[in-house]
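Only one structure is covered here, and it is reproduced in the block below.
Just so it is clear: chains get the letters A, B, ... in the order the sequence lines come, proteins before strands, and each one is counted from 1. Below, each value reflects all heavy atoms present in this structure, side chains not excepted, and no hydrogens, waters or symmetry copies.
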There are 4 protein chains.
Amino acid sequence: MTRRGAAREAQKRRRREHLLACAREVFAERGYHGTSVDDIVRRAGVARGTFYLYFADRRAAFEALVDDFFARLTGCIRSIDVAHPTEPPVSQLRANLQRVCALALSEPASLQCVLRDASGLDVEFDRKLAAFYRGLYRFLDESLEVGQRIGLVRSGDRRVMVALAVGGLKQILADAVRGEAPADADALTDEIMRFLSAGLLAPPPPGVERERCDGSAATTRSEGAARHAKETRGIAKSTGSRGSDPGESRQPKNPRRAAGSGSS
Amino acid sequence: MTRRGAAREAQKRRRREHLLACAREVFAERGYHGTSVDDIVRRAGVARGTFYLYFADRRAAFEALVDDFFARLTGCIRSIDVAHPTEPPVSQLRANLQRVCALALSEPASLQCVLRDASGLDVEFDRKLAAFYRGLYRFLDESLEVGQRIGLVRSGDRRVMVALAVGGLKQILADAVRGEAPADADALTDEIMRFLSAGLLAPPPPGVERERCDGSAATTRSEGAARHAKETRGIAKSTGSRGSDPGESRQPKNPRRAAGSGSS
Amino acid sequence: MTRRGAAREAQKRRRREHLLACAREVFAERGYHGTSVDDIVRRAGVARGTFYLYFADRRAAFEALVDDFFARLTGCIRSIDVAHPTEPPVSQLRANLQRVCALALSEPASLQCVLRDASGLDVEFDRKLAAFYRGLYRFLDESLEVGQRIGLVRSGDRRVMVALAVGGLKQILADAVRGEAPADADALTDEIMRFLSAGLLAPPPPGVERERCDGSAATTRSEGAARHAKETRGIAKSTGSRGSDPGESRQPKNPRRAAGSGSS
Amino acid sequence: MTRRGAAREAQKRRRREHLLACAREVFAERGYHGTSVDDIVRRAGVARGTFYLYFADRRAAFEALVDDFFARLTGCIRSIDVAHPTEPPVSQLRANLQRVCALALSEPASLQCVLRDASGLDVEFDRKLAAFYRGLYRFLDESLEVGQRIGLVRSGDRRVMVALAVGGLKQILADAVRGEAPADADALTDEIMRFLSAGLLAPPPPGVERERCDGSAATTRSEGAARHAKETRGIAKSTGSRGSDPGESRQPKNPRRAAGSGSS
DNA sequence: TATGAATGAGGTTTCATTCAT
DNA sequence: TATGAATGAAACCTCATTCAT
């Protein structure tokens with residue numbers, strides 16, 4: 001009995017996994033709304049009723065997928081230890097990011113589900129989704145706050161920083177699984193870090209003037225810089241040719257930083 | 001007759017607009033899939049059949065909304081003139097961004113429609129959506145390429161940069177219309193520019209070692225940087241080669257924490 | 001518009017009636033549980049969706065039938081006026097009964113629906129049903145009470161009398177519509193009145209000993225009868241003469257109200 | 001083997017009984033249509049398949065319950081011996097009734113099953129039910145006929161009398177198990193007998209005019225009646241032919257009231 | 001043109017019953 | 001025998017779309 005019961009349990013779990021896997025595929029392909037239970041069971045090769053042995057309804061299956069993926073995503077993220085770091089904070093950040101990318105890239109279907117359909121299913125689901133993002137935002141916000149305190153992160157409206165980072169990550173991952181961006185987790189992570197490090201991490205030490213990117217005049221002074229900030233609010237008509245990379249370039253190891261916006 | 005015909009035309013156009021406006025509201029509230037034709041006509045105060053006098057089907061109405069919004073969005077974006085700029089490129093960029101933000105914030109419903117449901121409707125619609133984004137991406141990619149060539153934009157995988165920027169923008173706008181981020185177009189633009197300028201635009205001139213964001217150590221060097229700060233408003237046409245290193249390494253010996261968050 | 005609107009309304013009402021009539025037939029034939037919406041619309045010659053334009057669901061249609069029938073049944077029943085009767089109470093009773101029988105016999109299908117299926121549909125429906133019967137019971141109970149007070153009705157547990165009367169009526173009507181009992185309302189009424197008048201109405205004056213129907217020996221003694229009214233729950237020997245009239249005459253000259261059935 | 005076989009048989013029978021008992025409970029609670037096989041096996045604590053080892057299908061279980069209860073009900077009813085009665089016929093009738101009441105009250109669940117759902121299951125079941133009632137009706141009809149012949153039962157349309165009696169009994173029992181009527185078999189029997197004796201049993205001797213219950217006036221006359229009240233416990237074993245109606249008689253306009261119950 | 005009743009395809013879900021273990 | 005997972009027929013209900021007025 002125990003033996004048999006255990007076997008059954010295992011069998012059941014396997015069946016459920018199978019159904020989930022099929023559901024994931026179809027949801028990813030056709031979207032939640034474009035997927036009927038029939039589609040799922042057809043792919044799984046089981047009868048319609050079988051589906052309902054494992055899930056209360058279509059939504060529940062979808063929810064299971066999303067919950068599961070969110071859980072694993074969450075598992076990728078570790079708090080960044082700045083007190084007694086065994087690893088530099090930025091390294092820790094990078095590791096987080098790398099894990100997230102690796103997970104996402106290894107599960108394109110799950111990612112599709114989460115990014116494309118997870119919103120607008122119904123009120124309850126939206127709440128759940130909102131809760132996930134709220135949690136993520138809060139974590140990131142707090143991390144940024146710490147970062148700002150210790151000078152790792154530049155100042156600025158953290159809500160915006162978080163949103164831009166999260167949104168950017170979502171988009172790049174979505175593109176990546178569609179083959180429109182590097183599908184290698186490490187390469188991707190590197191690129192993202194480049195973006196973040198220049199955008200979120202504190203800029204290089206002063207002594208150098210930096211253009212105010214908000215259009216206001218910078219008061220920072222370096223050899224007499226942002227004088228005309230007001231008028232031009234912007235950028236010089238630089239002419240120098242930098243950036244030697246052509247076309248679709250992906251010059252990761254390109255040492256020449258092309259005219260950083262700010263400088264330092 | 002002509003007179004009357006014209007009046008009729010106008011009347012017709014007005015009614016169509018009315019229907020679209022109602023549809024926009026409901027779609028934004030409940031999502032495409034959660035919105036029935038009934039919901040729309042109920043709000044519009046017309047009969048169900050009337051809807052079909054103006055739109056081929058439900059999808060067509062949604063498509064019209066999205067098309068329209070995309071058209072206006074596209075209208076916000078002007079090519080950045082780097083050849084004979086009357087305005088610094090960054091300014092032009094900023095202006096583009098500001099217009100997009102202003103438009104988006106002034107039409108939360110349209111934004112919701114585009115961001116929440118525009119995906120997963122059906123194959124044809126996805127194609128249209130993909131086309132829009134492809135166009136946007138291409139434009140941005142080309143812009144970035146020019147930017148890279150003239151040293152305004154740092155080097156890097158442009159696909160990634162574009163994705164991060166676009167994704168970030170989508171997210172921040174979505175948050176903004178939900179009241180979770182600054183809802184003022186200018187303030188928002190400023191914040192985004194800060195992010196972009198530090199993240200997409202060429203980094204500051206060297207002379208300062210900077211932690212490699214890919215985790216490797218870097219002793220960035222730049223020879224004489226912010227010389228032209230004035231003209232370039234702070235952006236050096238640095239040429240120095242930085243990052244000479246390999247591997248996954250993090251920023252081991254980078255003691256100098258670069259200038260605090262607030263930059264000035 | 002008004003004209004057309006009115007016509008539409010009428011048309012709609014007619015359609016609804018048609019659907020109800022078909023539903024009534026099928027429900028009566030196959031029972032509620034044996035009837036699918038398909039059965040109904042097939043008989044009505046309309047599409048499935050049409051049904052749902054007129055009724056929220058199958059249950060609602062059934063409910064409408066039952067409600068309607070109950071309403072008409074209720075309409076058959078008039079309070080019996082004993083204060084200033086223009087008609088002898090028994091006549092009034094008979095008239096009530098006759099109307100009920102006539103209605104029931106004229107609507108065999110409705111009767112079937114009510115008697116066969118109205119119970120056990122769901123909790124809410126059961127409540128409604130219970131409410132109807134409770135009302136009926138209360139009405140009858142009160143009527144009997146009055147009857148007892150004025151000596152028209154024998155003494156006894158009114159709950160039992162009511163139940164027996166109601167149950168008997170239900171059964172005889174059910175049988176009648178099935179052709180197993182007189183299907184003529186008047187004949188049926190006569191028979192029922194015979195039953196009731198001998199069973200519910202006060203028995204004739206004593207003078208005659210009568211067997212105890214509870215199986216015990218009767219100790220009653222005739223012309224000294226209602227002595228033990230108290231113990232035996234008997235009835236007063238009212239003497240007032242009521243109803244002295246002819247025609248549909250009720251108990252004209254029967255002044256002597258006799259001791260209860262069990263007498264004494 | 002035999003031993004073991006016997007034990008097995010017993011075990012089997014016991015399990016079947018258990019299942020039946022559980023089924024009875026659930027059917028009584030939720031009605032046939034509201035009860036799933038799952039409900040039953042869940043209550044019984046066995047697996048679903050097990051149910052089908054003991055019953056062909058759900059209907060069969062229900063049928064078994066009803067059959068069983070009907071059999072026991074039938075067992076309660078003994079033919080009334082009027083030829084050589086050891087007990088007065090009315091006593092015998094009362095005893096029958098008492099047994100029926102006692103059984104019904106002792107098995108509320110069975111009663112519920114029979115009264116609530118026994119109709120409308122399916123054609124075959126309806127036939128069975130009809131057969132039961134036909135048998136009961138026939139028995140009662142014949143009994144009444146005898147009763148009429150010997151003067152125990154008043155004249156009248158026996159179909160109506162039977163229906164009223166059966167219907168009344170059903171209703172009062174249903175009410176009783178629901179707590180809305182005396183739940184004591186003896187008390188209940190007494191009350192029913194009071195009803196019946198005044199309604200079905202021959203009325204006391206005439207000599208008294210009585211209102212016609214069919215609404216018409218009547219000066220019923222009866223020649224010297226309840227002489228033998230003692231022996232017959234009030235019911236004369238009159239042999240005089242009253243009610244000249246034979247068989248299925250429906251003597252509406254029959255002036256001779258066969259010993260009107262109330263008469264007088 | 002405007003209306004709104006009618007349509008029916010399509011999806012969801014239940015559950016009685018079967019069957020491999 | 002007992003089990004309970006699997007089955008799939010059958011019912012329900014919605015809603016986009018059509019069409020007569």
Quick check for you: to the nearest 0.5 Å, what is the distance between D:Thr50 atom OG1 and D:Ile40 atom CD1? 13.0 Å
Just the rounded figure in Å: distance from [atom2] of [N] to [atom1] of [X].
{"X": "B:Glu9", "N": "E:dT1", "atom1": "CD", "atom2": "C1'", "value": "13 Å"}
{"X": "B:Arg14", "N": "E:dT1", "atom1": "CZ", "atom2": "C1'", "value": "15 Å"}
{"X": "D:Leu53", "N": "F:dA2", "atom1": "CG", "atom2": "C1'", "value": "7 Å"}
{"X": "C:Lys12", "N": "E:dT3", "atom1": "NZ", "atom2": "P", "value": "15 Å"}

Comparing A:Gln11 with D:Tyr54, nearest DNA chain F nucleotide closer to 5' gives the residue D:Tyr54
Looking at B:Glu29 and B:Arg43, does any basic side-chain N land under 4.0 Å from a carboxylate oxygen? yes
Taking only Lys NZ, Arg NE, NH1 and NH2, and the carboxylate oxygens of Asp or Glu, determine whether C:Asp68 and C:Arg72 approach each other closer than 4.0 Å. yes
Looking only at non-hydrogen atoms, find the nearest pair between [X] and [Y] and report the distance.
{"X": "A:Ala44", "Y": "A:His18", "result": "O-NE2, 3.2 Å"}
{"X": "A:Thr35", "Y": "A:Val26", "result": "OG1-O, 3.4 Å"}
{"X": "D:Ala61", "Y": "D:Leu20", "result": "O-CD2, 3.7 Å"}
{"X": "D:Ala47", "Y": "D:Val41", "result": "O-CG1, 3.7 Å"}

Need one value for B:Phe55: base, sugar-phosphate or nothing, where a base atom within 4.0 Å counts as base even if backbone is also close, heavy atoms only. nothing
Is B:Arg15 touching bases, backbone alone, or none of the nucleic acid, heavy atoms closer than 4.0 Å? sugar-phosphate
In degrees, rounded to 10°, what is the bend between the two ends of the helix from E:dA2-F:dT21 to E:dT21-F:dA2, using five pairs at each? 10°
ring-ring contact (aromatic ring centres under 6.0 Å, His included) partner of B:Phe125, chosen from B:Tyr32, B:Phe132, B:Phe62: B:Phe62
Under a 4.0 Å heavy-atom criterion, the protein footprint on nucleotides 11-18 of chain E, written with B, S and -, is SSBB-SBB
